[in-house]
Every structure is written in structure tokens, then in C-alpha cells.
Amino acid sequence: MPAVKYGSRPPWVGLAAAVWVQIAAGAGYNFPLYSPVLKSVLGYNQRQLTLLGVANDIGENFGMLPGVVCNRLPPWLVLLIGAASCFIGYGVLWLAVSGTIDFLPYWALWIALCIATNSSAWLGTGVLVTNMRNFPYSRGTVAGILKGYIGLSAAVYTLIYTGVLDHSPSKLLLLLALGLPAVCLSMMYFVRPCSPASEDDSSDHGHFLFTQIVSVFLGLYLLLATLLDNVLSPGGLVTYIFLGIMVLLLLSPLAIPLKMTLYPNKKKESGINTPSSSSDQLSQLDQDATEPLLAVSSSATNLSSFQESDDSSDVDILLAEGEGAIYMKKKRKPKRGEDFRFREALIKADFWLLFLCYFLGIGSGVTVLNNLAQIGIAAGVNDTTILLCLFSFCNFIGRLGGGSVSEYYVRSKMFPRSIWMAFTQMIMVVNYLLFALSLNGTLYISTALLGICCGVQLSVMVPTASELFGLKHFGIIYNFMLLGNPLAAFLLSAILAGYVYDHEAEKQGGTTCLGPNCFGLTFFVLAGVCALGSVLSLILTVRTRPVYQMLYSSGSFRLPSSSQH
């Protein structure tokens, strides 16, 4: 197990470093930027292109292996594996697009894209699991911030692509192959396990608020800078000024540990987050407790439960026989809110309800994102970079807002977070009907609404999984939920959207389709999918309400004890 860092500053340094890693982890969102060149240079049709989109989603979301090893390897090694995957995968894509390799089989390109985007799973798992364990009392907020930055990554890359790289897909792939591993190597030392606070700290709320405000400013800036760059095409020095301001805004979360260094809270530093104080607290708990003959130990009774052995949920029974003693262990099944092993979570109805809600909601959004360039062209929009930037910004707002709003209502009203999944999927039903009707002036509005709703879906799913099934095996449970993305991409994007598009293109006598019929049927199906998802989300909300009443009855998160169930 990696060494635990003590003190109040290291978690915030790790969170600031995680911002950069999350931007790198969002490389998979660049597929709409370089997918047209795959179609034109390599001669693929739309179905082949959508299958590459499936490869993009499979790699990005197949995080079962990172989810398993994140409990066994230190975070820096998890990030190193992600950096290597990024270098190899995007390097092969660059060789193919740039013409350095004369011919690359389709299957080889498909595998290379899987490897490239699988770096996102390693990077995202490494920083998300570590930071949620470092801030166990603010899971929704932390998930919203980190998932918000990965949502902003598409806008970051779009600004670089349109300004510095002169709309060159080849240069973009080279940047992804060399630049992203360099960022990860620079930041991986600072993302490390830290001793969590022993209670909900009020000063943390101010720090989180600062981080959220700065991220909103970054999102607005990226949207404005991208629009100016596309409309005015300033080029030269102005472009690099835009880039410099973006870098400063990305560095701004470091102001929190810097402020804590310059103006330390001596009372806080001496009172919590030190080995001695943690030992004192545990000793006090031992003194106050009356030991029964049957001693029960649960991973949920200690703030460091995610570092205990897999047998921490066992019941030790001591049977005295003569002068000796025999220890026997009897398994006790965990209850919702406690730490579940992955195989224990698999047999729970709430686990599969959460998976289906996420699969139906975010999966439909992934279908649109993978085909966003072709959707824009079909609607008569030639430059689709604005659509991607708009989706990225609104997706960020949804992720950040979803985490913060759900955190507020779960603390004040004890509302299960899944209620927001139901609400946003209802909006998505109406939104897909707008897409299908293809009314004048609705494309940008529909794209913005879809970005917000998809962002909420993801930022709500993450803390919900940790609250229902615990943090100890959160890595593998969270990554299993993410498998809904590639599964939906295959079923809804490659099979449905790709087939409908190519069929309509053949009617028009070419490989490019124009008009509302290109994706009309697809959008009607997606509306039905989200209608089903909203119903399942409401069922999950009703089922989990007692869990949230137990977890947040005091107005803030409290770790459950087995004796309370």
C-alpha cells in the first residue's frame, strides 16, 4: 500500500495536480476533431467511422483493470501506465494520418485507438479514486470538479487546435502522443494518498467554492476565446496570449495550498490530520467502547476503511476452550452505505438499476457526441468546432453544477442524487425531439442542453456509486458503470446511427448525407431510450431514499456503522 501523506496541504496540492491530469484524460473527446480526416484520407465510410467511435469509447471507458489495480499500486504508477498508453496509441494514429506509414489495416487502427483512449481510464481512475478518498466528506463536490475539468478538456483542445495547430489533425495527434505523457509525468508525483480529515471541515467549503468559481471562469473564457478565434482569426501573438491566459487559469487551484502555506491555520494543523492525533482518536474510541464477547469489525467504522484488508467485514467469534482459544470467522453481508466487494455489489438490484440509468442516459449522449461532426454537416454547419466547444462548455457546467446541486440537496433535504438523473433524462427526451425535428436555430440550443444533461448524469453517478457501495472497492465499481458508454456506443451509434446515416446517404447517391433524415430515426429512438431511463431513475430514487436518510441525517455525510443497520 502506498505511503499516506499527512497534513492539510497535500490533498489540495493533489487536487490541483489532478486538474491537469483530467485535462489529459479528456483526450478521447478529440475524436470529432480528427475523425473527418480518417474518413477522407483513409477512405472509410460512416459505418467504419462509427465503429472507430466505438473503439474510442471502449478504450476510454474500459477501466476494470485500472479499477482493480488502483487498490494495489500507488497512484503515480497508475498514471505512468496511462501516459505510456497515450504515447503508444496516439503515436500509431499519427503515423497513419500523417502518411508516415503507407498502409495500416483497419483492425490495427481500431486497436491503436482503443489503446490511445484507454489512457483516459488509467488517468481518470488514478486521480478520481485518490481524491475522493482524500476528501471523503465532499464526494459530490470533488466528483463534480474533477469530472467538470475533464468535460472542459474538449474546449481546451479545441482552442489549441484552432489557434496554435492551424486546424491540423496530424499536429493534434502528435500533441496527444507527446504532450499528454509529458503532463502526466510532471504531475504524477503530487497525486498521492493523504490522511483524510476526521470530520467535515467548514474551511474546505470555501476552498471548493474558489475552485468551482475559477473553473467557471475558465469555461467561459474558453468559449469566448474559441468564438473570437473562429470569427476574427487573429493568429500570431494574440493566439499565444489566449493560450497563456488559459494556462494561468488551469494553474489557479494551486492558490489554495499556497495560501495555506503563507497563512497557516495553526489550530487546524495541530488538531487534525497527523498520525499522533489519529492514534489518539482511535485510542479514545477503544477506551469508550465496551467490548462484547462477539466483537464486530466493519470497514465502515473507520475513516481509513479503504486501506483495510478484505476481511474487515467479518465477525470474529472467540470460543474459549480450556486454556486455549479458537478463532472462527462468520461472514456478514454488507448493507447499502457500507463497503461492498465488487462481487457483492453485482448481486444487488440497486447496482444494476444505477448501471441501466447511466447506460440509457449517458449512452444516448455519447451517440450524439460521436456523430456530432456529421450531425452539424447534415444540418448545414460546415465548421463543427463551435458545436464541439459549446458541448464541452455546457457539459462542464452540467458536471460542476450536478455535483454541487446534488450535494446541497442531499445534505439539506436528504434527496437521493438519482433524482437528478431522472430530471435530466426527462429534459433529454424533449431535446432529442428537437434534434429530430431539425427546426431552424435549434441545433446550438439542443447541443448546449445535451451537454448540460450528460454532465449531470456523470457527476451524479460517481458519488452515488460510492455512497451506496462504499469507497474501498470504488475503483472497480465505478469503472464497471462506465462500461455503459462503449456498450451504448456500439448499440446506438455504430449499429443504429451508422446504419441510418449510410442508408440515407445511399439514397442521396454519395457517402455524405444532408438533411434531417440523416439522423431523424436515431433521435426518435434516443428519446424513447431516455424516457425509459427516467422511469428507472425514479425507481432507484425511491429505493435508496432510506439510505440517504441514514447517511445524511445530521446534515453532513457520516460513515455508517454496522451497528446502525
Side-chain angles (χ1 to χ4, degrees), residues 26 28-29 31-32 50-64 114 117 120-121 124 147 150-151 154 351-372 374-375 391 394-395 398-399 402 418 420-433 435-436 446-447 449-462 464-465 477-501 519 521-540:
Y29 292 116
F31 184 72
T50 52
L51 281 174
L52 287 177
V54 173
N56 185 84
D57 292 319
I58 288 176
E60 187 178 11
N61 296 285
F62 189 75
M64 297 296 289
C114 281
T117 55
S120 299
K147 287 300 179 181
I150 199 173
F351 179 89
W352 290 106
L353 271 174
L354 181 60
F355 176 82
L356 286 174
C357 294
Y358 180 75
F359 162 73
L360 297 172
I362 203 71
S364 62
V366 167
T367 301
V368 176
L369 181 61
N370 285 350
N371 295 277
L372 191 59
Q374 287 71 36
I375 291 172
F391 179 91
C394 293
N395 187 250
R399 295 182 185 210
S418 53
W420 301 105
M421 299 180 77
F423 178 67
T424 51
Q425 288 190 31
M426 292 176 188
I427 296 176
M428 291 169 76
V429 171
V430 178
N431 201 41
Y432 286 134
L433 294 178
F435 269 116
S446 299
T447 302
L449 281 175
L450 182 63
I452 293 173
C453 292
C454 288
V456 172
Q457 295 283 315
L458 183 57
S459 66
V460 165
M461 181 276 289
V462 174
T464 300
I477 291 173
Y478 156 72
N479 278 291
F480 184 87
M481 294 291 172
L482 291 184
L483 290 178
N485 285 20
L487 181 60
F490 176 72
L491 296 175
L492 299 176
S493 181
I495 294 181
L496 175 64
Y499 173 78
V500 171
Y501 183 93
F519 292 95
L521 177 60
T522 301
F523 286 129
F524 282 119
V525 173
L526 295 183
V529 164
C530 283
L532 175 60
S534 63
V535 173
L536 295 179
S537 298
L538 289 174
I539 294 174
L540 179 62

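We number each residue from 1, following the sequence as shown. Hydrogens, waters and symmetry mates play no part in the numbers below; they use all other heavy atoms, side chains included.
- Distance CD1/Ile539 to OG/Ser418: 11.0 Å, rounded to 0.5 Å.
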Verdict with reasoning, Leu496 to Thr367, per side-chain contact (heavy atoms from CB on, under 4.5 Å):
CA-CA 9 Å; Leu496 175 64; Thr367 301; over 6 Å; no

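- The structure places CZ of Phe359 at 9.5 Å from CG of Leu532, a figure rounded to the nearest 0.5 Å.
- Counting non-hydrogen atoms of neighbouring residues, nucleotides and ligands closer than 6.0 angstrom, the CZ atom of Phe62 reaches no more than 12 such neighbours.
- Between the Asn395 side chain and the Phe391 main chain, no donor and acceptor come within less than 3.5 Å of each other.
- In this structure, the side chains of Leu482 and Met461 come closer than 4.5 Å at one or more pairs of heavy atoms.
- Leu433 places a side-chain heavy atom less than 4.5 Å from the side chain of Phe524.
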Please table the atom pairs, donor to acceptor, closer than 3.5 Å between any side-chain atom in residues 487-495 and protein atoms at least two apart or in another chain.
unit_1, atom_1, unit_2, atom_2, d
Ser493, OG, Asn371, ND2, 3.1

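- Looking only at side-chain heavy atoms (C-beta outward), Gln425 and Val429 stay at 4.5 Å or farther from each other.
- The two atoms that bring Ser459 and Gly398 nearest to each other are OG-O, 3.7 Å, heavy atoms only.
- For Asn431 (side chain) and Ser446 (main-chain N/O), a donor-acceptor pair under 3.5 Å exists by modelled atom type.
- Looking at every heavy atom in both residues, Met426 comes nearest to Ser534 through CG-CB, 3.9 Å.
- From Tyr358, atom OH reaches atom CG of Leu458 across 4.5 Å, with rounding to the nearest 0.5 Å.
- Considering only heavy atoms from C-beta on, Lys147 comes within 4.5 Å of Val462 through its side chain.
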For ring-ring contact (aromatic ring centres under 6.0 Å, His included), just list the numbers for Phe519 and Phe435, CA-CA rounded to whole Å, side-chain angles, deciding distance to a tenth of an Å, and then say yes or no.
CA-CA 9 Å; Phe519 292 95; Phe435 269 116; 9.5 Å; no

May I have the step-by-step check of side-chain contact (heavy atoms from CB on, under 4.5 Å) for Phe423 and Val460, ending in yes or no?
CA-CA 12 Å; Phe423 178 67; Val460 165; over 6 Å; no

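- The line from OG1 of Thr117 to CG of Asn56 is 5.0 Å long, rounded to the nearest 0.5 Å.
- Side-chain contact between Leu369 and Phe31: absent, with no pair of heavy atoms (C-beta onward) separated by less than 4.5 Å.
- Looking only at side-chain heavy atoms (C-beta outward), Thr522 and Tyr432 stay at 4.5 Å or farther from each other.
- Asn61 approaches Pro486 most closely through the heavy-atom pair CB-CD, 3.5 Å.
- When all heavy atoms of Gly59 and Ala121 are compared, the closest pair comes out as O-CB, 4.2 Å.
- At least one side-chain heavy atom of Met428 sits under 4.5 Å from a side-chain heavy atom of Cys454.
- The backbone N or O of Met64 lies less than 3.5 Å from no partner atom in the side chain of Asn479, so there is not a single donor-acceptor pair.
- Looking at heavy atoms from C-beta onward, Phe523 lies in side-chain contact with Ile375 at the 4.5 angstrom threshold.
- Across every non-hydrogen atom of Leu360 and Ser364, the tightest pair is O-OG, 3.3 Å.
- Nearest heavy-atom pair across Met421 and Gln457 is O-NE2, 3.0 Å.
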